[in-house]
Amino acid sequence: SQKIEQNSEALNIQEGKTATLTCNYTNYSPAYLQWYRQDPGRGPVFLLLIRENEKEKRKERLKVTFDTTLKQSLFHITASQPADSATYLCALDDSGGYNKLIFGAGTRLAVHP
Amino acid sequence: GAGVSQSPRYKVAKRGQDVALRCDPISGHVSLFWYQQALGQGPEFLTYFQNEAQLDKSGLPSDRFFAERPEGSVSTLKIQRTQQEDSAVYLCASSPSRDRVGNQPQHFGDGTRLSIL
């Protein structure tokens with residue numbers, strides 16, 4: 001069956017460290033993968049998009065990798081801050097589904113001072 | 001406003017009542033999406049509009065769910081004869097072009113939290 005898996009357990013890290021979040025997928029062939037941030041009671045906010053022919057994408061303290069062989073994307077936040085605490089969602093579009101993004105359940109990140 | 005606006009923010013209804021949820025997308029955005037988000041889960045696709053045309057409604061859970069965007073801007077999601085399992089947050093998102101959905105960021109509203117008693 002098709003599924004997207006993100007760490008269901010919350011990730012707790014110390015301020016200043018690098019947070020690494022994982023997104024694994026099964027039985028999808030995405031051409032694109034996106035990462036969003038969601039705060040409690042708010043809608044998701046777009047962070048980064050990576051294409052299947054890109055290995056890595058960076059934006060300020062954020063880095064995303066996309067490995068189509070492992071069927072995995074990693075999302076890194078370097079020099080993490082308490083303000084980075086939120087739920088992070090990965091989303092992909094399946095090559096057969098041009099009209100929809102399919103989201104993972106998200107990983108909650110808590111950055112402690 | 002600059003972002004996607006949804007109203008109401010909260011809606012409580014009794015089982016069996018009809019509800020209507022409104023989405024005002026970013027002005028000029030061609031694509032509009034509705035999602036349903038259960039507690040602790042990611043958004044789940046319901047339906048997609050390109051301007052006024054509903055191109056994909058494969059995610060609507062039953063024929064009690066109906067969405068429209070008659071003039072290609074504001075959209076309404078209507079749920080008839082609500083059931084307790086309809087309780088969730090309903091999110092609306094828009095994006096500027098007709099480009100493949102994965103190749104463009106989606107701009108989300110803050111959702112309507114629907115509770116069915």
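Chain A is the first sequence line, chain B the second, and so forth, proteins listed ahead of strands; every chain is numbered from 1.
Using modelled atom types and a 3.5 Å distance limit, the side chains of B/Q104 and B/S97 yield a donor-acceptor pair. In summary, the side chains of B/Y35 and B/E44 do not present any donor paired with an acceptor at a separation below 3.5 Å, with no hydrogens or angles considered.
Taking 4.0 Å as the cut-off between side-chain N and carboxylate O, A/D67 and A/K55 do not count as a salt-bridged pair.
Counting heavy-atom pairs under 4.5 Å between each of A/L49, A/L92, A/I4, A/L48 and chain B puts A/L49 at the top. Contact count versus chain A (heavy atoms, under 4.5 Å) is highest, among B/Q37, B/R9, B/Q6, B/Q50, for B/Q37. Between chain B and the residues A/G41, A/G43, A/G104, the most heavy-atom pairs under 4.5 angstrom are made by A/G43. Ranked by heavy-atom pairs under 4.5 Å with chain B, the list A/A91, A/P44, A/C90 is led by A/P44.
Contact of B/S58 with chain A is made through the side chain alone, with heavy-atom distances under 4.5 Å. Proximity to chain B (any heavy atom under 4.5 Å) is restricted, for A/R51, to the side chain, taken from C-beta onward. For A/Q6, no part sits under 4.5 Å from any heavy atom of chain B, backbone or side chain.
B/Y90 and B/F65 have tilted rings, their planes meeting at an angle from 30° to 60° on a 0 to 90° scale.
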**Item:** A/T87 and A/T107: CA distance, side-chain angles, deciding distance, side-chain contact (heavy atoms from CB on, under 4.5 Å) verdict
**Value:** CA-CA 5 Å; A/T87 295; A/T107 297; 6.0 Å; no
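In this structure, the ring of B/F49 has its center no less than 6.0 angstrom from the ring center of B/F33.
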